[in-house]
Enquirer: 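Pasting in a structure now, in structure tokens, and then I'll have a few things to ask.
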Number of protein chains: 2
Amino acid sequence: MDSRDWQIVRSTPLFGTMPQDVALSLIGSQPVRSYEKGTTLFQQGEPASSFFVILDGWVKLFRITPDGNEAVVGVFRRGESFAEAAIFLGGRYPVSAEAVTSTRLARIDGELLRRRIREQPDLALAMLASSSHHLKSLVEQIEQIKLLTAQQRLADFLVNLAPANEGSCVIELPYEKALIASRLGMKPESLSRALAKLRPLGVSVDRETVSIVDVDLLVRFVEASPRDDEGF
Amino acid sequence: MDSRDWQIVRSTPLFGTMPQDVALSLIGSQPVRSYEKGTTLFQQGEPASSFFVILDGWVKLFRITPDGNEAVVGVFRRGESFAEAAIFLGGRYPVSAEAVTSTRLARIDGELLRRRIREQPDLALAMLASSSHHLKSLVEQIEQIKLLTAQQRLADFLVNLAPANEGSCVIELPYEKALIASRLGMKPESLSRALAKLRPLGVSVDRETVSIVDVDLLVRFVEASPRDDEGF
DNA sequence: CGCGGCGTTGATCTCTGTCAATACTTGTGG
DNA sequence: CCACAAGTATTGACAGAGATCAACGCCGCG
């Protein structure tokens, strides 16, 4: 782990608030590992001994049903941590994880973390904040699936990717469209069509490059009732 | 708070694992309050100073969009705690809460809890476990909405209400059908139809009383791929 | 060049939401 | 006690969103 990596770790809400030496003792001893695209990091139901911070790349969390269908419940990027919760859940991962690009991860040992929490109560508050943050994003995801159309969910996804929340911009899709589709709770075909239907709102696509004429227009489209899209 | 209430509090994963005196100091000083059906407990965006344990009744958590649509993200009952996460999330509730029946709640002060966590690190682990548990149930909810049909979600809901996971049983629906519908991510009309379509699987309904011939049949229906319901 | 992975497009079908009409239940006031 | 109103659940007709199945285009790669 070089200083660039360390900087990333310290930028997370979890490791950014704790004293430097505590963070070092948690993460320093563990080697950073690289994973190829497509590597399974852990599987749902597996004993959970540790959690991760992403130093580079993208990771997806998903659930698999008995018949093989898959639901993506989160996609994380550099600077984000995941699977913290598993440590406290009877020690089993409730989801599976896979590297969707080639990836570098720092692994934090769960038992060590629990010991540190006992010695260092502020650490617990940081963990709770981090866990609460994940909770909130899941709630938002549920809200989205339940009351937005596929087009609106996609528009929201693009808005969150955009650097500013007004004016025009050009963004690169961070990972495969099939994964974006799954993340947004739809099929790849539907994503394709949804993208096409956003054209009148100033969204044009070429490969993985998306140009947005006016981000604010998209924001207003997302906030509109699913039904009154006449005006657009 | 009588001894029956106290027993309920101690039955929660959160308050059950901590030393008795700590639990008492957290909860004992706060008066138990009663709320009528329909009472708003707090609203999304409001400053969050405390969280709750349900001593009696049912509470729903939901999100409201600018245009008034509502998505239920959880329904809790006696012995469950809710809104713990808000305490650690910059102090604002990310959801709204309402009593769906007449309800009695114990309120726990957030600032007090934070202080206790600093003194009592084991408390932090209990909080983390509780929070992780909520996280897991949200993940499961997302999975359900994303890859089960309305009928399957309903079947799953009934199965979770049933006392055993095989054989026959009779259960009472715990709250209004409109709320069940919203909790399951569908409209009341769809719930009605989904119930009707479960009849061939041995589910019959009268008012709020549901009779199930064979719970295991429902379980297998939920686990089947959404499409191959031919056999049923 | 041919092959395989990924994405798009088209035709069709199914599910669920919407709108409207109709019981049924409960509570209220005459 | 009945009439009436309001809230809740069911049912029907219809429309729209999204899934499915299939075909095709595009691109990178051996």
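Please read these numbers as outputs of a predicted model, since none were measured by experiment.
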Enquirer: Roughly, in whole Å, what's the span from NZ in A/K37 to P in C/dG5?
Expert: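 That distance rounds to 12 Å.
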Enquirer: Output the residues of residues 57-65 of chain B in contact with DNA chain D, where contact means a heavy atom of the residue under 4.0 Å from an atom of the strand; sort by number or write none.
Expert: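 Nucleic-acid contacts, sorted: none.
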Enquirer: Does the side chain of B/T12 pick up a donor-acceptor pair with the side chain of B/E80 at under 3.5 Å?
Expert: no
Enquirer: Provide, to the nearest angstrom, the distance between the CD atom belonging to B/E208 and the C1' atom belonging to D/dT10.
Expert: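 Those two atoms, CD and C1', are 15 Å apart.
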Enquirer: Tell me: CG of A/D206 to P of C/dT8, nearest whole Å?
Expert: 10 Å
Enquirer: Starting at CD of B/Q151 and ending at P of C/dT16, how long is that distance when rounded to a whole Å?
Expert: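 Interatomic distance, CD of B/Q151 to P of C/dT16: 7 Å.
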Enquirer: Looking only at the side chains, is there a donor atom on one of A/E36 and A/T39 sitting less than 3.5 Å from an acceptor on the other?
Expert: no
Enquirer: How long is the span from the CZ atom in A/R92 to the CD atom in A/Q44, to the nearest 0.5 Å?
Expert: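 Going from CZ on A/R92 over to CD on A/Q44, the span is 12.0 Å.
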Enquirer: Using nucleotides 11-13 of chain C, report all nitrogen or oxygen pairs with the protein that are shorter than 3.5 Å.
Expert:
from   : atom 1 : to     : atom 2 : distance (Å)
C/dA11 : N6     : A/R193 : NH2    : 3.2

Enquirer: Please state how far atom CG in A/L147 lies from atom P in D/dA17, giving the value in whole angstrom units.
Expert: 16 Å
Enquirer: Which protein N or O atoms sit under 3.5 Å from an N or O of nucleotides 24-28 of chain D?
Expert:
from   : atom 1 : to     : atom 2 : distance (Å)
D/dC27 : OP1    : A/R207 : NH2    : 2.1
D/dC27 : O5'    : A/R207 : NH2    : 3.2

Enquirer: What's the verdict on side chain to side chain contact (heavy atoms under 4.5 Å, CB included) for B/S131 and A/L135, showing C-alpha distance, side-chain angles and the deciding distance?
Expert: CA-CA 8 Å; B/S131 152; A/L135 221 132; 4.0 Å; yes
Enquirer: Can you name the closest pair of heavy atoms from B/A97 and B/V59 and give their distance?
Expert: CB-CG1, 4.3 Å
Enquirer: Could you check if a side-chain atom of A/R63 sits within less than 4.5 angstrom of a side-chain atom of B/K146, using non-hydrogen atoms only?
Expert: no
Enquirer: Using modelled atom types and a 3.5 Å cut-off, is there a donor and acceptor pairing between side-chain atoms of A/Q152 and backbone atoms of A/T149?
Expert: yes
Enquirer: Got A/S96 and A/T40 here, is their nearest side-chain heavy-atom distance under 4.5 Å?
Expert: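 No, too far: nothing below the 4.5 Å cut-off.
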Enquirer: If the cut-off is 4.0 Å, is B/T149 near the phosphate of C/dC15, judged by side-chain N/O to OP1 or OP2?
Expert: no
Enquirer: The criterion is side-chain hydrogen bond (donor to acceptor under 3.5 Å, both in side chains); which residues satisfy it with A/S182, sequence neighbours excluded?
Expert: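 Once residues adjacent in sequence are excluded, A/S182 has no partner under the side-chain hydrogen bond (donor to acceptor under 3.5 Å, both in side chains) criterion.
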Enquirer: C/dT9 P sits how many Å from A/L191 CG, rounded?
Expert: 12 Å
Enquirer: If I take atom CD in residue A/E189 and atom C1' in nucleotide C/dC6, what distance separates them, rounded to the nearest angstrom?
Expert: 11 Å
Enquirer: I need the NZ-C1' distance between B/K197 and D/dT10, as an integer number of Å.
Expert: 15 Å
Enquirer: Contact between A/F51 and A/L14 at the side-chain level, heavy atoms closer than 4.5 Å - yes or no?
Expert: yes
Enquirer: Keeping B/R183 on the side-chain end and B/V72 on the backbone end, is there a donor-acceptor pair under 3.5 Å?
Expert: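 Not at all, since once roles are kept as given, no pair shorter than 3.5 Å links the two residues.
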Enquirer: Flag the pair B/K60 and B/E70 as a salt bridge only when some basic side-chain nitrogen lies within less than 4.0 angstrom of an acidic carboxylate oxygen.
Expert: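 A salt bridge is present here (some side-chain N lies under 4.0 Å from a carboxylate O).
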Enquirer: Go through D/dG18, D/dT20, C/dT18 for me and flag the one nearest to the B/K187 side chain.
Expert: C/dT18
Enquirer: Would you say B/S192 reaches D/dA9's phosphate, i.e. side-chain N/O to OP1/OP2 under 4.0 Å?
Expert: no
Enquirer: Suppose the criterion is ring pair (Phe, Tyr, Trp, His ring centres under 6.0 Å): which pairs have a residue in residues 143-175 of chain A, not counting sequence neighbours?
Expert: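 For residues 143-175 of chain A: A/W58-A/Y175.
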Enquirer: Between A/V53 and A/F82, does the side chain to side chain contact (heavy atoms under 4.5 Å, CB included) criterion hold? Intermediate values first, please.
Expert: CA-CA 7 Å; A/V53 174; A/F82 62 93; over 6 Å; no
Enquirer: For DNA chain C, determine which residues of residues 169-186 of chain B have any heavy atom closer than 4.0 angstrom to one of its atoms, and list them numerically.
Expert: B/G185, B/M186
